[in-house]
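In what follows, every chain begins at residue 1, and chains take the letters A, B, ... in the order their sequences are listed.
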Amino acid sequence: MNFDQLAEMLFPNVTETPEDLERRYPPRNLPEGAKVTRFAPSPTGFVHFGGLFPSTIGERLAHQSGGVFYLRIEDTDAKREVEGAAEGLIRTLAHYGIHFDEGAILGADGKICDQGAYGPYRQSERAEIYHVYAKQLVKAGKAYPVFTTQEELDALNAVDKKAEIKSKNWQEDSGNRAEEQQKQREITIEEVAENLRAGNPFVLRILADGDPEKKIPFTDLIKGTLEIPENDEDFVLLKSDGIPTYHFAHAVDDHLMGTTHVVRGEEWLPSLAKHLMLFRYLRFKLPKYLHIAQIMRLDENGNKKKLSKRDMGANMDDYSRMGYAPACVCEYIMTLLNSNYEEWHAQNPEKPYTEFPFNIKKMSNSGCLFDFNKLNDVSKNVISKMTAEEVTSQVTEWALQFDPAFGALLQNDPAYAQTIFAIGRGGKKPRKDLATWADAKGYMGFFFDELFRIEDQIDATFEKTDIRKALEEFLATYDPADEMQVWFDKIKAITDKLGYASDMKAYKADPAAFRGNVADVSMFLRVAVTGKQNAPDLYTVMQILGEGRVRARIQKMIDSL
RNA sequence: GGCCCGUUGGUCAAGAGGUUAAGACACCGCCCUUUCACGGCAGUAACAGCAGUUCGAUUCUGCUACGGGUCACCA
């Protein structure tokens with residue numbers, strides 16, 4: 001077989017050589033130790049939690065080392081592509097603080113465009129580049145074409161690939177594959193010529209020289225030393241439409257774009273042998289690999305499952321809807337990424353997570369389960385440190401989008417809203433009640449007459465006449481100008497008048513001696529004023545509500561008794 | 001089924017041939033407190049199993065079990 005002749009027949013239009021490309025995309029001029037990483041999604045939908053994860057790692061590695069973080073769109077499968085997905089991806093990532101130095105970016109017109117010297121950054125636009133290397137491989141006798149007729153191709157596209165694989169008999173399959181592969185390798189130059197004349201499409205397959213009985217030692221930066229069986233499968237490099245498969249595009253792109261560290265999910269581990277083979281055939285320097293463990297969830301039977309697209313917590317847009325602040329989600333991701341992050345954060349409470357010395361060695365090599373409890377806790381801590389102003393504007397922004405009626409109330413009187421969110425904020429022991437913006441309504445809704453209603457009842461064990469008397473007495477002596485202590489002393493006085501205990505210690509010593517205590521009287525007032533048994537400090541609440549609202553609500557409660 | 005990866009409390013995890021096997025979340029109790037939240041203090045709870053190496057193994061080796069991933073002209 002004359003490989004030069006074959007290469008010319010298959011790629012007559014390719015005139016460039018790999019050397020030309022090397023010149024066009026020279027090595028990057030970066031300081032020692034600078035890492036070049038990328039996020040390389042296929043535009044098939046929204047950003048997945050499992051996608052934000054590796055992109056955060058890539059971003060940290062690059063920017064922490066003074067390197068480059070770029071975005072490459074892997075749109076080599078036109079069948080699965082979703083319109084606008086790439087744009088959405090970029091927007092969502094930016095929302096979570098993931099910004100790219102180069103690659104596919106969002107132009108002023110909201111459309112994708114390229115920025116940087118190593119483009120194009122959309123694989124669909126790089127066909128000629130791949131073909132240069134494809135031709136080289138054919139010339140070297142490392143790749144060969146396999147022809148199919150159009151009818152066969154249509155039939156192939158028609159079947160559900162996944163269903164077919166599942167129903168396959170594995171043992172039978174492995175024997176057949178080697179046989180069929182051998183037959184395809186033996187194609188003659190005449191057969192190629194004939195097929196090309198007939199206009200039959202072909203795929204380009206690699207000529208695998210591996211022996212799966214032999215193991216290649218390989219060091220993954222997260223997994224450590226692994227043993228990879230050599231690849232003996234003549235996998236597809238170019239599909240019949242001339243577009244490369246992931247494997248081929250990965251080798252060519254990450255080489256030309258100068259990627260130093262490939263961060264991707266561990267589901268790629270089984271195809272690593274293919275990539276090692278490609279880099280060897282193409283004489284490319286192998287990048288470092290970080291194969292990260294999957295994010296899991298618990299299924300109905302209590303087994304761990306890969307967090308899939310349909311699961312709650314998978315789509316990053318879900319977090320926006322649920323009211324999680326991006327800063328909280330990022331913080332949570334950091335706790336999952338590096339086990340010593342929380343410790344560092346405790347010691348450096350004021351520093352942003354971007355200053356954390358992210359360390360590959362501290363990354364888990366087993367999967368982790370998504371934990372809303374932990375996310376909520378992290379969120380409460382993050383939000384408790386925000387200023388009232390910040391919380392007000394974020395809650396308002398969230399509510400306007402997802403709870404317009406509530407949003408309108410907040411927007412109507414921003415100063416009032418801010419006073420509400422200032423409760424317990426600041427100081428050494430800030431209130432930690434909000435985990436999401438959506439929680440705000442439940443805690444604070446009663447401040448608005450439109451949302452106020454009696455949610456918790458006063459315990460039926462108390463005499464209605466006691467309640468009425470307490471509330472009436474309070475109205476009689478209530479003066480909003482009172483200092484807190486004066487205000488509470490008045491409540492104590494009412495308590496004593498009722499024959500309740502104003503001294504909690506005395507009450508606890510002998511509960512039977514009293515009909516109730518000052519906490520009970522406070523509870524009457526709290527339910528009347530807030531509609532709830534649990535609320536922030538009642539004095540503060542009354543101060544914010546103002547005399548009119550306080551009196552009206554208490555009167556309404558008296559009337560209802 | 002083959003191949004690959006993994007397995008420390010309910011969850012995330014530190015650790016390393018000799019430790020009372022950290023810490024965080026969750027849960028529970030107590031204290032503080034007029035309720036809630038916060039805060040403080042304590043508590044329940046773990047090295048998947050079996051062999052081997054060793055004076056000693058959760059840590060090293062092997063096997064088993066379990067979990068996950070993968071086996072496309074998808075990425």
J.: On the nucleotide B:rC73, are OP1 or OP2 found under 4.0 Å from the side-chain N or O atoms that A:Thr245 carries?
T.: no
J.: Are A:His275 and A:Phe248 near enough that their ring centres are under 6.0 Å apart?
T.: no
J.: Using atom CE of A:Met444 as one end and atom P of B:rC36 as the other, report the distance to the nearest whole Å.
T.: 16 Å
J.: Counting only side-chain heavy atoms from C-beta out, which of B:rA24, B:rU11, B:rU34 sits nearest to A:Asp371?
T.: B:rU11
J.: Using only heavy-atom distances, decide whether a donor-acceptor pair under 3.5 angstrom links the side-chain of A:Thr148 to the base of B:rC73.
T.: yes
J.: Given A:Tyr500, which partner from the list A:Asp466, A:Asp520, A:Asn517 fulfils the side chain to side chain donor-acceptor pair (under 3.5 Å) test?
T.: A:Asp466
J.: Would A:Asp77 and A:Lys79 satisfy salt bridge (charged side-chain N to carboxylate O under 4.0 Å, His left out), going step by step from the backbone distance to the final call?
T.: CA-CA 5 Å; A:Asp77 187 8; A:Lys79 291 190 288 293; 3.7 Å; yes
J.: According to a 3.5 Å limit on both distances, what stems of 3 or more consecutive Watson-Crick or G-U pairs are formed with RNA chain B?
T.: B:1-7 with B:65-71, B:10-12 with B:23-25, B:29-31 with B:39-41, B:48-52 with B:60-64
J.: Give a yes or no answer on whether the side chain of A:Ser384 reaches the backbone of A:Lys432 with a donor-acceptor pair at less than 3.5 Å.
T.: no
J.: In whole angstrom, give me the gap between the P atoms of B:rC25 and B:rU20.
T.: 26 Å
J.: Does the structure show A:Phe488 stacking with B:rU34, if we require the centres to be closer than 5.5 Å and the planes to be within less than 30 degrees of parallel?
T.: yes
J.: Walk me through it: do A:Arg72 and A:Glu74 pass the test salt bridge (charged side-chain N to carboxylate O under 4.0 Å, His left out)?
T.: CA-CA 6 Å; A:Arg72 183 173 71 224; A:Glu74 310 226 322; 3.0 Å; yes
J.: Which nucleotide wins on minimum distance to the side chain of A:Arg431, given the candidates B:rC3, B:rU34, B:rA37?
T.: B:rA37
J.: Between A:Pro536 and A:Leu269, which is nearer to the 5' end of RNA chain B once each is assigned its nearest nucleotide?
T.: A:Leu269
J.: Rounded to whole angstrom units, what separation is found between the CG atom of A:Asn359 and the P atom of B:rA14?
T.: 12 Å
J.: Check every strand shown and say whether A:Asp537 touches a base, only sugar-phosphate, or nothing at a heavy-atom separation below 4.0 Å.
T.: base
J.: Counting the atoms with a prime plus P, OP1 and OP2 as sugar-phosphate, which does A:Lys223 contact under 4.0 Å by heavy atoms, base, sugar-phosphate, or nothing?
T.: sugar-phosphate
J.: Please pick, from B:rA24, B:rC4, B:rC73, the nucleotide with the shortest atom-to-atom distance to any side-chain atom of A:Ser240.
T.: B:rC73
J.: Using whole Å, what does the distance between atom C1' of nucleotide B:rC12 and atom CZ of A:Phe53 come to?
T.: 10 Å
J.: Classify A:Ser364 by what it touches in the nucleic acid, base, sugar-phosphate, or nothing, heavy-atom distance under 4.0 Å.
T.: sugar-phosphate
J.: What do the steps show when you test A:Glu180 against A:Lys183 for salt bridge (charged side-chain N to carboxylate O under 4.0 Å, His left out), and what is the final call?
T.: CA-CA 5 Å; A:Glu180 195 177 320; A:Lys183 220 181 288 170; over 6 Å; no
J.: If we take the C1' atom in both B:rG15 and B:rA24, what is their distance in whole Å?
T.: 16 Å
J.: Using the C1' atom on both, measure B:rG18 against B:rU58 and round to a whole Å.
T.: 12 Å
J.: Between B:rU59 and B:rA22, how many Å separate the two C1' atoms, rounded to a whole number?
T.: 16 Å
J.: Can you identify which nucleotide, out of B:rC12, B:rA13, B:rC74, has its nearest atom closest to the A:Leu336 side chain?
T.: B:rC12
J.: Under 4.0 Å, counting only non-hydrogen atoms across every strand here, what does A:Met363 touch: a base, just sugar-phosphate, or nothing?
T.: nothing
J.: Starting the side chain at C-beta, find the nucleotide from B:rC25, B:rU70, B:rC5 nearest to A:Leu226.
T.: B:rC5
J.: Examine distances only and state if a side-chain atom of A:Asn338 and a backbone atom of A:Tyr341 form a donor-acceptor pair shorter than 3.5 Å.
T.: no
J.: Considering every strand and a 4.0 Å limit on heavy-atom distances, what is the contact class for A:Pro41: base, sugar-phosphate, or nothing?
T.: nothing
J.: Can you measure A:Leu369 atom CG to B:rU7 atom P for me and round it to whole angstrom units?
T.: 15 Å
J.: Please pick, from B:rA75, B:rG69, B:rA26, the nucleotide with the shortest atom-to-atom distance to any side-chain atom of A:Ser42.
T.: B:rA75
J.: Do any N or O atoms from the side chain of A:Asp75 and from the backbone of A:Gln123 form a donor-acceptor pair under 3.5 angstrom?
T.: yes
J.: Any side-chain N or O of A:Lys79 less than 4.0 Å from the OP1 or OP2 oxygen of B:rA75?
T.: no
J.: If you look at every strand shown and take non-hydrogen atoms under 4.0 Å, does A:Glu74 touch a base, only sugar-phosphate, or nothing?
T.: sugar-phosphate
J.: Between atom CD in A:Glu81 and atom P in B:rC74, what is the gap in whole Å?
T.: 14 Å
J.: Counting any heavy atom closer than 4.0 Å, what does A:Glu227 reach on the DNA or RNA strands: base, sugar-phosphate only, or nothing?
T.: sugar-phosphate
J.: Between A:Val146 and A:Phe202, is there a side-chain heavy-atom distance shorter than 4.5 Å?
T.: no
J.: Verify side chain to side chain contact (heavy atoms under 4.5 Å, CB included) between A:Phe11 and A:Leu238, making sure each step is shown before the conclusion.
T.: CA-CA 12 Å; A:Phe11 301 102; A:Leu238 291 178; 3.7 Å; yes
J.: In whole angstrom, what separates A:Asp253's CG from B:rA75's P?
T.: 12 Å
J.: Please determine whether a side-chain nitrogen or oxygen atom of A:Lys362 lies at a distance below 4.0 Å from atom OP1 or OP2 of B:rG15.
T.: yes
J.: Using a heavy-atom cut-off of under 4.0 Å over every strand shown, decide if A:Val203 touches base, sugar-phosphate, or nothing.
T.: base
J.: Give, ordered by number, those residues of residues 522-530 of chain A having at least one heavy-atom distance below 4.0 Å to an atom of RNA chain B; if nothing qualifies, reply none.
T.: A:Ser522, A:Arg526
J.: If you check every side-chain atom of A:Trp487, which of B:rU34, B:rC25, B:rC5 has the closest atom?
T.: B:rU34
J.: Under 3.5 Å, side-chain donor or acceptor atoms of residues 48-56 of chain A against the rest of the protein: list the pairs with distances, not counting sequence neighbours.
T.:
{"residue": "A:His48", "atom": "ND1", "partner": "A:Gly50", "partner atom": "N", "Å": "2.9"}
{"residue": "A:His48", "atom": "NE2", "partner": "A:Leu307", "partner atom": "O", "Å": "3.1"}
{"residue": "A:Ser55", "atom": "OG", "partner": "A:Gly51", "partner atom": "O", "Å": "3.0"}
{"residue": "A:Ser55", "atom": "OG", "partner": "A:Leu52", "partner atom": "O", "Å": "2.9"}
{"residue": "A:Thr56", "atom": "OG1", "partner": "A:Leu52", "partner atom": "O", "Å": "2.6"}

J.: Looking only at side-chain N and O atoms, does A:Thr76 come under 4.0 Å of OP1 or OP2 in B:rA75?
T.: yes
J.: Considering only B:rC25, B:rA75, B:rA14, which nucleotide approaches the side chain of A:Lys239 most closely?
T.: B:rA75
J.: Is the side chain of A:Ser42 donor-acceptor paired with the backbone N or O of A:Thr44 at a distance under 3.5 Å, no angle test?
T.: no
J.: By the 4.0 Å heavy-atom rule, please label A:Lys274 as base, sugar-phosphate, or nothing.
T.: nothing
J.: Could you say whether A:Ser271 or A:Glu266 is positioned toward the 5' end of RNA chain B, judged by the nucleotide with the nearest heavy atom to each?
T.: A:Glu266
J.: Taking B:rG29 as the reference, what is the distance to B:rA16 when you measure between their C1' atoms (whole Å, please)?
T.: 34 Å
J.: Which nucleotide wins on minimum distance to the side chain of A:Lys215, given the candidates B:rC4, B:rC73, B:rU70?
T.: B:rC4
J.: Do side-chain atoms of A:Lys288 reach the backbone of A:Val263 as a donor and acceptor pair under 3.5 angstrom?
T.: no
J.: Where the side chain of A:His247 is concerned, which of B:rA75, B:rC5, B:rA37 is the nearest nucleotide?
T.: B:rA75
